[in-house]
Amino acid sequence: MTKQERLIDLLERILKDASLPLQESNLVFGEGNVDCDIMFIGEAPGERENELKRPFVGRAGKLLDVLIEGIGWKREDVYITNIVKRRPPMNRDPLPEEIERYKPYLKEQITIISPRVIAPLGRFSMNYFLPSGKISRDQGKVFRIKDKFIVPLFHPAAALRSPSMKEALQKSFKNLPAIVRKHKSMPTSGFFGKADPEQEKLL
Ligand code: URA
């Protein structure tokens with residue numbers, strides 16, 4: 001099966017899983033280049049995302065687009081999704097059990113797309129990869145987990161509320177092309193040794 005076919009199969013399984021929370025909202029699966037070098041992962045869809053069934057298409061999404069284009073990339077070149085794939089009511093933060101329930105599906109989505117670099121947007125998504133990470137301390141740093149490089153970034157919605165966060169996020173974005181170039185050509189096996197999923201290695 002191609003990546004596209006595997007992703008459609010995954011999407012259909014999520015749609016059929018009636019035990020998942022937030023059933024009253026639409027499924028926002030994710031979109032972009034399935035052969036991307038970098039995948040951005042937010043926390044959960046908002047109102048506009050729920051309406052259009054597309055990730056990051058509201059105000060935070062517009063900032064994400066500007067940041068991506070600001071480093072010479074196009075939105076279509078990257079893959080964008082969320083950890084929780086349906087909108088929590090009133091845009092509240094996703095609950096720990098909601099995150100837990102959607103996690104296996106995110107895991108599969110990452111396996112299918114298999115990007116070398118992942119940029120979690122905000123603390124919820126960062127904590128999926130780095131459970132003891134702190135977004136204020138770790139944003140913009142590069143962590144290696146198994147064969148992936150994780151670059152936690154401030155959530156664009158937080159950057160819209162804080163000029164200093166926005167500046168830090170812009171700075172971190174400027175480093176992304178070099179991070180991707182450096183890590184995309186590294187071998188996927190034989191180099192990383194025994195991986196401890198709990199181990200976070202700061203590069
Ligand atoms: N915030 C997110 O975390 N994800 C979206 O898709 C939109 C806003």
Side-chain angles (χ1 to χ4, degrees), residues 7 10-11 14-15 17 20-34 36 38-70 73-110 112-113 115 117-131 133-136 138-140 150-163 165-166 168-170 172-173 176:
L7 286 169
L10 177 64
L11 182 150
I14 301 178
L15 279 174
D17 184 348
L20 282 173
L22 305 170
Q23 290 288 329
E24 59 286 1
S25 312
N26 288 325
L27 174 64
V28 180
F29 181 74
E31 64 182 26
N33 182 350
V34 297
C36 59
I38 185 165
M39 184 168 178
F40 292 91
I41 305 177
E43 56 189 55
E47 189 177 8
R48 192 83 182 124
E49 289 76 22
N50 181 53
E51 272 167 26
L52 299 182
K53 302 186 193 170
R54 295 180 58 205
F56 282 98
V57 286
R59 282 187 69 226
K62 293 281 166 282
L63 176 57
L64 182 61
D65 289 350
V66 167
L67 290 164
I68 290 172
E69 283 159 21
W73 291 351
K74 294 197 187 80
R75 184 177 162 114
E76 312 86 81
D77 294 339
V78 304
Y79 195 91
I80 304 174
T81 190
N82 286 299
I83 184 162
V84 169
K85 302 206 184 297
R86 287 193 180 89
R87 181 193 180 208
M90 314 295 289
N91 290 350
R92 65 156 167 73
D93 287 344
L95 302 173
E97 59 267 32
E98 290 164 350
I99 293 174
E100 276 311 305
R101 295 300 320 285
Y102 280 93
K103 261 185 190 177
Y105 290 113
L106 175 66
K107 183 166 186 255
E108 266 197 71
Q109 200 173 20
I110 294 170
I112 296 168
I113 294 168
V117 179
I118 295 178
L121 301 170
R123 67 195 162 101
F124 292 102
S125 176
M126 176 190 67
N127 287 149
Y128 170 83
F129 299 96
L130 307 164
K134 282 216 177 343
I135 193 74
S136 52
D138 297 331
Q139 105 88 28
I150 312 295
V151 191
L153 298 174
F154 283 137
H155 194 289
L160 284 173
R161 293 190 294 265
S162 153
M165 276 191 191
K166 185 170 175 188
L169 183 59
Q170 279 165 332
S172 299
F173 253 82
L176 289 180

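As the structure is a computational prediction, the values presented were derived from the model and not from experiment. Note that the numbering runs from 1 along the sequence shown for the chain. Whatever order the structure lists ligands and atoms in, that order sets their numbers, starting from 1.
- Rounded to the nearest 0.5 angstrom, Glu98 CD and Asp93 CG are separated by 10.0 Å.
- Atom-to-atom distance recorded for Leu153:CG and Ile135:CD1 is 7.0 Å, nearest 0.5 angstrom.
- Nearest heavy-atom pair across Gln139 and Ser172 is NE2-OG, 2.6 Å.
- Distance check, rounded to the nearest 0.5 Å: CG of Asn33 to CD1 of Ile38 gives 12.5 Å.
- Backbone and side-chain nitrogen or oxygen atoms of Pro45 are examined, and none is located within less than 3.5 angstrom of a nitrogen or oxygen of ligand 1.
- Residue contact check: His155 has heavy atoms under 4.0 Å from atoms 1 (N), 2 (C), 3 (O) of ligand 1.
- The nearest non-hydrogen atom to atom 7 (C) of ligand 1, considering only Glu49, Glu43, Glu47, Arg87, comes from Glu49.
- Atoms of ligand 1 found under 4.0 Å from any heavy atom of Gly42, numbered from 1 in the order shown, are 3 (O).
- Scanning all protein heavy atoms for the shortest distance to atom 4 (N) of ligand 1 gives Asn82 OD1, 2.7 Å.
- Between Ala44 and ligand 1, a contact under 3.5 Å exists for at least one N or O pair.
- The existence of a salt bridge linking Arg48 and Glu51 is confirmed by a sub-4.0 Å separation between a basic side-chain nitrogen and an acidic carboxylate oxygen.
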